[in-house]
Amino acid sequence: MWAANLLFPEALTDFLQGLNDVQRQAVLATEGPVMVLAGAGSGKTRVITYRIAHLIRNVGVLPQNILALTFTNKAAGEMRQRIDSILEYGSASSLWIGTFHSVFARLLRSYIHLIGYDRNFSIFDADDSKSLIKQCMKELNLSPETLPVNLVHSAISKAKNSFVLPPEFHRKAIDDQSQKISLVYERYVHKLRENNALDFDDLLIKPIELFTEQPRVLEQLQDYFKYLLIDEYQDTNRVQYLVAKMIAEKHRNIFVVGDDAQSIYSWRGADISNILNFNDDYGDAQVFKLVDNYRSTKTILDAANSVISRNTHQIKKELVANAGMGEPITLIEAFNEKREAEKVAEHIKSIRLSKGAQYRSFAVFYRTNAQSRVIEDMMRQNRIPYKIFGSVSFYKRKEIKDAVAYMRLVLNDRDSESLLRVINFPPRKIGDVSINKLKEFAEERNISLYEAVKRAGEGGFQARLVNALTQFTDLIEAMRKQAEEGTAYDVLSMLYETTGLLSLLKEENTPEALARHENLQELLSMTRDFADHNPNSATLGDFLSTISLASDYDETQESDNYVSLMTVHAAKGLEFPVVFVTGMEEKLFPLNSYEPGELEEERRLFYVAITRAREKLFLSWAQSRYMYGQPQMCMRSTFINEINPNIIVTEGGRKLSESPKKVAATAMAGRPVFGSSLRPQPGGSPAAKVPTVKPAGSARPTGAAKSEYRPGTRVQHAIFGPGTVLEVQGSGAKQKVKINFRTAGEKTLMVQYANLKIV
DNA sequence: CGTTGATCAATTTTT
DNA sequence: TTGATCAACG
């Protein structure tokens, strides 16, 4: 403590007093490589923000010489705000804080001409990329049936994230499929350039190319960004690692914060070894471990610790509680997903009444977005204000994408993706046939599609078509002029007026059209806000780069009072007093995991979910759940068994450890296996009955819940012999079971006729 | 050229 | 369950 005073006599020791010893050491170790392993809720953001504040205030570093990279825009925004509140307002404005993607997009605007792109490049989102990939495949005569576009897209993205460029990919492609993908990859990269476009991954790859080809730019940036900080380091991929390394190479002031236990993005190329091997690159690195948790009760942390301890590929660390035991974890068991959601709603209402909790204190998590619908319905039925994060992003809505495509085209007329999207929307009598002719025309002359549209007069097309095309280009050119002089707001208002996007929806007069209309209005007011917040840089280009990297997850929870609904992934970095983790079922959470590595990631995800809770944690599961429109039997997640049953209670308040043990199907030989592990024991206390009020009519028992077959049940068939039940569909007379027979393979049989014997 | 109907396919997680 | 894609028709 006094050391800080000695070094910085007039320093803001008051703000450093708000830190524990390890946190303070991490803040004060400003020079050289530093890694902070920060457990959940251990004050990670605090350390980063205080460190930045300390660099500016006490060390005298200019804000613009600090580069802080985050994983989400939201984290960036919050960080900037917190630094502002530690120092004085506005101190953080010239800091470089943002996601890898947004920071490098910004840098590329200034430098990308050096590697042959125009500064007005478009940024392609995943949908744009897929559509371009589809086009490439078509040209290569590869049908999406044998080679799914999604697969190609993820393969290419994965390659890019690992900095494997087409030549190397080609060399490594041994099997038939990867050779095909290699061809697509090559063509796709070529086409992106033709479109003067970068996809998400390019935003990280192009800087590396730039630095390699133009070492002087790299030197310049190395000198400029004297201090580099990276948040959520466990979720960085290889390209991010490389680019960070390049920038930090000169001053070596690289500071990374992360938690290997919270690495949940390996499917997106995140490489956990970045954090595990930090010391290999920076042997002299100082390492700090933050394990003091300031968020959750001891009960919650006990659960989290015991779950994560099952992972082998993990740096051992246990979170230490600063709070008391708190309440036990409640396990909710429901007979289907509807009832599950209903119970969640009931608990929210009851806690709100008994504890006076605000709606904003609650969060409901789920593994997949598809689960949100039922929960949403139940919230609405129970008149609980809620907000869904994610789901269908605002920016992915058709009307928004249309408007954005226009804007992109205005700025970058080589963006043929956008051109194709809007050339005949709203309808202008320019059909597929004409477009194909135009494409040929462009190819022949080796000009961009837009150029071809402009020069259609030379192509000997029908006068009516040429006329329609000219009207279209006039529109675009007029907006281009507006874009040069005015703001994004000016361009968009003009766009709405001249293209008829708005009036088209007005005429339709359906509720959906109305919603779309509102969305477009919302987009317009966003441009207005944007101009207010960025008076000096509110051009169309500025606006477009911002929104192409924005997502719904960025919306900060303002003062509005609602229950938050989101996927577990979206919950990373957040905290709530009361958390419900729903869908705790095998094959859902953990989701189908075929490899042990994937199971470990699911477990980390569960760990993230648990550690979001401050005071009270609910885990819930349903015995049956609709999937693909079909009811499926479910088994309780094994993750539940990884928590000490002494700290879990059922809804009735009975300890899980005192409930009948869940017995594996094999151990129940000779007896039918029944679903519930929480069935009240004979002679058990009557208080164990679920106290919640059941709405009349929902008490209908389904056959499904009573089935004697569940996945895992061993059966004997007169012809096919012995087998194991894989899944159960339907109920009653129509009930079918899918069985894997030892000799006959997989069969789906009607229970009614199959004459199965349970063994 | 645009609309309709039918068929089929898919459900992880996101910058 | 929803959404997307494609063929045939107006």
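Proteins come first, then strands; the chains are lettered A, B, ... in the order of their sequence lines, and each starts at number 1.
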If you check the [X] side chain, which of [options] turns out closest?
{"X": "Arg373(A)", "options": "dT2(C), dT13(B), dT15(B)", "answer": "dT2(C)"}
{"X": "Val433(A)", "options": "dC1(B), dG2(B), dT13(B)", "answer": "dC1(B)"}
{"X": "Ser434(A)", "options": "dC1(B), dT15(B), dT12(B)", "answer": "dC1(B)"}
{"X": "Arg268(A)", "options": "dT12(B), dT14(B), dT2(C)", "answer": "dT14(B)"}
{"X": "Pro427(A)", "options": "dT14(B), dT12(B), dG2(B)", "answer": "dG2(B)"}

With a non-hydrogen cut-off below 4.0 angstrom, is [X] in contact with a base, only sugar-phosphate, or nothing?
{"X": "Ile430(A)", "value": "sugar-phosphate"}
{"X": "Phe100(A)", "value": "nothing"}
{"X": "Tyr626(A)", "value": "nothing"}

CA sep, side-chain torsions, deciding dist, call: Phe365(A), Phe580(A), ring pair (Phe, Tyr, Trp, His ring centres under 6.0 Å): CA-CA 6 Å; Phe365(A) 300 157; Phe580(A) 295 84; 9.5 Å; no
What's touching nucleotides 4-9 of chain C from the protein side, N or O pairs under 3.5 Å?
unit_1 : atom_1 : unit_2    : atom_2 : d
dT5(C) : OP1    : Lys134(A) : NZ     : 3.0

Spacing between [X] atom [atom1] and [N] atom [atom2], to the nearest angstrom:
{"X": "Gln630(A)", "N": "dT2(C)", "atom1": "CD", "atom2": "P", "answer": "14 Å"}
{"X": "Phe104(A)", "N": "dT15(B)", "atom1": "CZ", "atom2": "P", "answer": "18 Å"}
{"X": "Arg603(A)", "N": "dT12(B)", "atom1": "CZ", "atom2": "C1'", "answer": "18 Å"}
{"X": "Arg625(A)", "N": "dT1(C)", "atom1": "CZ", "atom2": "C1'", "answer": "14 Å"}
{"X": "His153(A)", "N": "dT15(B)", "atom1": "NE2", "atom2": "P", "answer": "14 Å"}
{"X": "Asn150(A)", "N": "dG3(C)", "atom1": "CG", "atom2": "P", "answer": "16 Å"}
{"X": "Glu376(A)", "N": "dT1(C)", "atom1": "CD", "atom2": "C1'", "answer": "15 Å"}
{"X": "Phe389(A)", "N": "dT14(B)", "atom1": "CZ", "atom2": "P", "answer": "13 Å"}

Within the side chain of Asn336(A), is there an N or O that forms a donor-acceptor pair under 3.5 Å with the backbone of Arg339(A)? yes
Between the main-chain N or O of Thr638(A) and the side-chain N or O of Glu586(A), is there a donor-acceptor pair closer than 3.5 Å? yes
Tell me whether the OP1 or OP2 atom of [N] has a side-chain N or O from [X] closer than 4.0 Å.
{"X": "Thr72(A)", "N": "dT15(B)", "answer": "no"}
{"X": "Asn369(A)", "N": "dT12(B)", "answer": "no"}
{"X": "Asn424(A)", "N": "dG2(B)", "answer": "yes"}

In whole Å, measure the gap between the C1' atoms of dT5(C) and dT12(B) for me. 23 Å
Indicate yes or no: does Arg373(A) engage Glu337(A) in a salt bridge with an N to O separation below 4.0 Å. no
Taking for each residue the nucleotide of DNA chain B with the nearest heavy atom, is it Thr99(A) or Ile435(A) whose nucleotide lies nearer the 5' end? Ile435(A)
Once side-chain contact (heavy atoms from CB on, under 4.5 Å) is applied, do any residues pair with Asp125(A), and if so which ones, sequence neighbours excluded? Asp127(A), Asp128(A), Phe200(A), Lys401(A)
Under 6.0 Å from the six-membered ring centre of Phe389(A) and within 45° of its axis: does the NZ or CZ of Lys387(A) meet both? yes
Quiz item: cation-pi between Lys206(A) and Phe211(A), 6.0 Å / 45°: no
Test side chain to side chain contact (heavy atoms under 4.5 Å, CB included) on Ser157(A) and Asp201(A) and set out the steps. CA-CA 7 Å; Ser157(A) 180; Asp201(A) 306 320; 2.9 Å; yes
Are Trp267(A) and the base of dT13(B) stacked, counting only ring centres nearer than 5.5 Å and planes tilted under 30°? yes
